[in-house]
Undergrad: 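First the structure, which I've put down as C-alpha cells, then a few questions once you've had a look.
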Amino acid sequence: MKTSFFTFITFTSALLCSTFPLSLSQRCNVKDQITLLRIKNSLGNPSVLSSWTSTSDCCNWRCVECDLYNDRIKSLTIYSGNISATIPDTLGNLPYLETLILRKLTNLTGQIPPAITKLSHLKTLAISWTNLSGPIPSFLSQLTSLTTLDLSYNNFSGSIPPELATLPNLESLHLDRNALIGPIPESFGNFTGKVPAIYLSHNLLSGTIPISMAQVNFTRLDLSRNKLQGDLSVFFGTNKTIETADFSRNMFEFNFSTLNEFPSSLSVLDLNHNSIYGSLPETLIGLELQSLNVSYNRLCGEIPVGGRLQNYDNTAYFHNRCLCGFPLPACF
Ligand SMILES: *[C@@H]1O[C@H](CO)[C@@H](O)[C@H](O)[C@H]1NC(C)=O
Ligand SMILES: *[C@@H]1O[C@H](CO)[C@@H](O)[C@H](O)[C@H]1NC(C)=O
Ligand SMILES: *[C@@H]1O[C@H](CO)[C@@H](O)[C@H](O)[C@H]1NC(C)=O
Ligand SMILES: *[C@@H]1O[C@H](CO)[C@@H](O)[C@H](O)[C@H]1NC(C)=O
Ligand SMILES: *[C@@H]1O[C@H](CO)[C@@H](O)[C@H](O)[C@H]1NC(C)=O
Ligand SMILES: *[C@@H]1O[C@H](CO)[C@@H](O)[C@H](O)[C@H]1NC(C)=O
Ligand SMILES: *[C@@H]1O[C@H](CO)[C@@H](O)[C@H](O)[C@H]1NC(C)=O
Ligand SMILES: *[C@@H]1O[C@H](CO)[C@@H](O)[C@H](O)[C@H]1NC(C)=O
Ligand SMILES: *[C@@H]1O[C@H](CO)[C@@H](O)[C@H](O)[C@H]1NC(C)=O
C-alpha cells in the first residue's frame, strides 16, 4: 500500500517533469524566464544572479519582481555586482518591465541599446554609477511612460537631446555627473506634460539659459558645476514657482540688484562661485529661505537687514568684492 502510493507519486512527478519545464506551482512566465536566463548569460553569469537557475521559479529570483496580477516580470534591479559587459539587447524582451535599475556596476560599459525602446511600460529607468558612454540617445523619448530617468554618474558625452522634453509623465531627470556639452536645449521651455525636477550638475554645459524656460514653472533645478553663462532672470519673478535652485560654480554674470522679484516659494538658493555683481536686493528679506549662498561672487554693498538674512553664517556671503554688514564685518 505504502509502496504503491510512493510509486504513484514518483510516476506522476516524472510525467509532469517531462511535460512542463518546472513544477505546476511555477508562477513565472516561461518566456520571461528564458529571457532572463539569456540576460544572465550575456552579463557573464555574474554571482549576483546565481539564484537565476532553470530549475527555480523566476518570481523567486533575486533582483527581479513579478507582477501580482499577471505574474510577468515588472522589475529588474541590480544594485551592485561584478558585471563586465554591455547592456544586452535581450533586455528589450521583458514587455511588462516597469522598473529597470542598474546601479554601481563600474564595469558595465558601452551604450544604451535601442532595444530598450521596446519596454513601453517602463516608468523608472535608472542606470547610474556605471561606466556607460556615448550620447544620451534621443530614442529614450519613445519611453512615454517614464516618470524617472536617471543616467547620473556615468560617462555620457555629447549634448542633451531636446526630445527628452516631450516625455509627458517625467517627474525627475537626472543627467548629473557625466561629460555632457553644449547648451540646455530650447525645448526645456516646452515640457509638454509634467515639469520634472532637473539635475544637470557636474557636466560641461555652456551657453546661456534659454529664454523659453521662462514659460515653465520649475520647482527643482540643479545646474551647478557647469560653464553656463548669462543671467538667471527667467527663473525669478513673482509668478514663478521655483523652490530649490542650485546655480553654483558656473559663469553666470549679472547685476543682482536688477533681480528684485522673487517667488515666495523659493526656499534654497545657491549662487556661489559665479561672477554676480551689484548688491543684494532688499526683497530677499521677505523670503523664507532655508538656505542662501552667494559666496565667491563680485557683490558689493550692505547685506540687507531683516528676514532670515542674518541667520546664515558668514560663509554664505564671504569672498565677494565688497559685501559688508552682519554676518560679515561692518560697512564703513
Ligand atoms: C572590473 O574589471 C576589472 C578588469 O577586468 C577587474 O579587475 C575588477 O575586479 C572588476 N571590478 C568590478 C567591481 O567589477
Ligand atoms: C570580478 O570578476 C573578474 C572575472 O570574473 C575577477 O577577475 C575579479 O577579481 C572580480 N572582481 C571583484 C571585485 O570581485
Ligand atoms: C570606464 O571605461 C574606461 C574605458 O572605456 C576605462 O578606462 C575606465 O577605467 C573605466 N572606469 C571604471 C570606473 O571602471
Ligand atoms: C570617459 O570616456 C572617455 C572617452 O569618451 C575616456 O577617455 C575616459 O577615460 C572615460 N572616463 C571614465 C571615468 O571612465
Ligand atoms: C515647443 O512646442 C511647440 C508646440 O508643441 C512646437 O511647435 C515648438 O517647435 C516647440 N519648440 C521647441 C524648441 O521644441
Ligand atoms: C510670468 O509672467 C511673465 C510676464 O507677465 C510671462 O511672460 C511669463 O510667461 C510668466 N511665467 C509663468 C511661469 O507663468
Ligand atoms: C505657473 O504658476 C503660476 C502660479 O504661481 C500660475 O499662475 C501660472 O499659470 C503657471 N504657469 C504655467 C505655464 O503653468
Ligand atoms: C546694478 O543695477 C543697479 C540698479 O539698476 C544700479 O544702480 C547699479 O549701478 C548697477 N551696478 C553695477 C555694478 O552695474
Ligand atoms: C557657501 O558655499 C561655499 C563655497 O562652496 C562654502 O565654502 C560655504 O561653506 C557655503 N556656506 C553656506 C552657509 O552654505
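If you're wondering where the values come from, they're calculated on a predicted model, not measured in any experiment. Counting starts at 1 for both ligands and their atoms, following the listed order.
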Undergrad: Flag the pair Y277 / F254 as yes when their ring centroid distance falls below 6.0 Å, and as no otherwise.
TA: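 Between F254 and Y277, which both carry aromatic rings, the centre distance is not below 6.0 Å.
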Undergrad: Measure up the F191 and F188 rings against each other and bin them: parallel (under 30°), tilted (30 to 60°), perpendicular (over 60°).
TA: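 The rings of F191 and F188 sit tilted, inter-plane angle from 30° to 60°.
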Undergrad: Is there a donor-acceptor contact under 3.5 Å linking the side chains of D150 and T148?
TA: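 There is no such pair between these side chains.
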Undergrad: Any idea which protein heavy atom is nearest atom 1 (C) of ligand 8, and the distance to it?
TA: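 So the nearest neighbour among protein heavy atoms is N255 ND2, 1.4 Å.
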Undergrad: Geometry only, no angles: is S295 polar-contacting ligand 9 at N/O separations under 3.5 Å?
TA: yes
Undergrad: How close does the nearest protein non-hydrogen atom get to atom 13 (C) of ligand 9, and which residue and atom is it?
TA: T315 OG1, 3.4 Å
Undergrad: May I ask you to identify the nearest protein heavy atom to atom 7 (O) of ligand 9, giving residue, atom name and distance to one decimal place in Å?
TA: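 The closest one turns out to be F318 CZ, 4.0 Å.
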Undergrad: Should you measure from each heavy atom of N272, which atoms of ligand 9 turn up under 4.0 Å away?
TA: 2 (O), 4 (C), 5 (O)
Undergrad: Is there a donor-acceptor contact under 3.5 Å from the side chain of Q310 to the main chain of F326?
TA: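 Pair found, side chain donor or acceptor close to backbone of F326.
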Undergrad: Which is closest to atom 14 (O) of ligand 1 by heavy-atom distance: N82, T106, T109?
TA: N82
Undergrad: Between C59 and C28, is the SG-SG gap less than 2.5 Å?
TA: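 Disulfide absent: SG-SG distance not under 2.5 Å.
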Undergrad: Starting from atom 5 (O) of ligand 8, find the nearest protein heavy-atom neighbour and note its residue, name and distance.
TA: T258 CG2, 4.1 Å
Undergrad: Indicate, with yes or no, whether the SG-to-SG separation of C324 and C331 is under 2.5 Å.
TA: yes
Undergrad: Could you name the option among N131, I83, N107, L108 that has the heavy atom nearest to atom 4 (C) of ligand 1?
TA: N107
Undergrad: If you measure from each non-hydrogen atom of R249 to ligand 9, which part falls under 4.0 Å: side chain, backbone, both or neither?
TA: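 Near ligand 9, R249 shows its side chain, while the N, CA, C and O stay back.
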Undergrad: I'd like to check whether D313 has a polar contact with ligand 9, where a contact means an N/O of the residue lying under 3.5 Å from an N/O of the ligand.
TA: no
Undergrad: For a quick check under 3.5 Å, do S56 and T53 share a side-chain donor-acceptor pair by atom type?
TA: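 Present: a donor and an acceptor within the cut-off.
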Undergrad: Using protein heavy atoms only, decide if any is under 4.0 Å from atom 9 (O) of ligand 8.
TA: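 Under the 4.0 Å cut-off, atom 9 (O) of ligand 8 has no protein heavy-atom neighbours at all.
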Undergrad: Given the rule in the salt bridge (charged side-chain N to carboxylate O under 4.0 Å, His left out) test, do K123 and E98 qualify, once you have shown the distances and angles that lead to the verdict?
TA: CA-CA 5 Å; K123 290 185 183 140; E98 292 177 15; 3.7 Å; yes
Undergrad: With a heavy-atom distance limit of 4.0 Å, tell me whether N293 approaches ligand 9 through its side chain, its backbone, both, or neither.
TA: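 Side chain only; the backbone of N293 stays clear of ligand 9.
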Undergrad: Any side-chain donor paired with an acceptor under 3.5 Å for T130 and N154?
TA: yes
Undergrad: Regarding ligand 9, does Y296 bring an N or O atom to under 3.5 Å of one of the ligand's N or O atoms?
TA: no
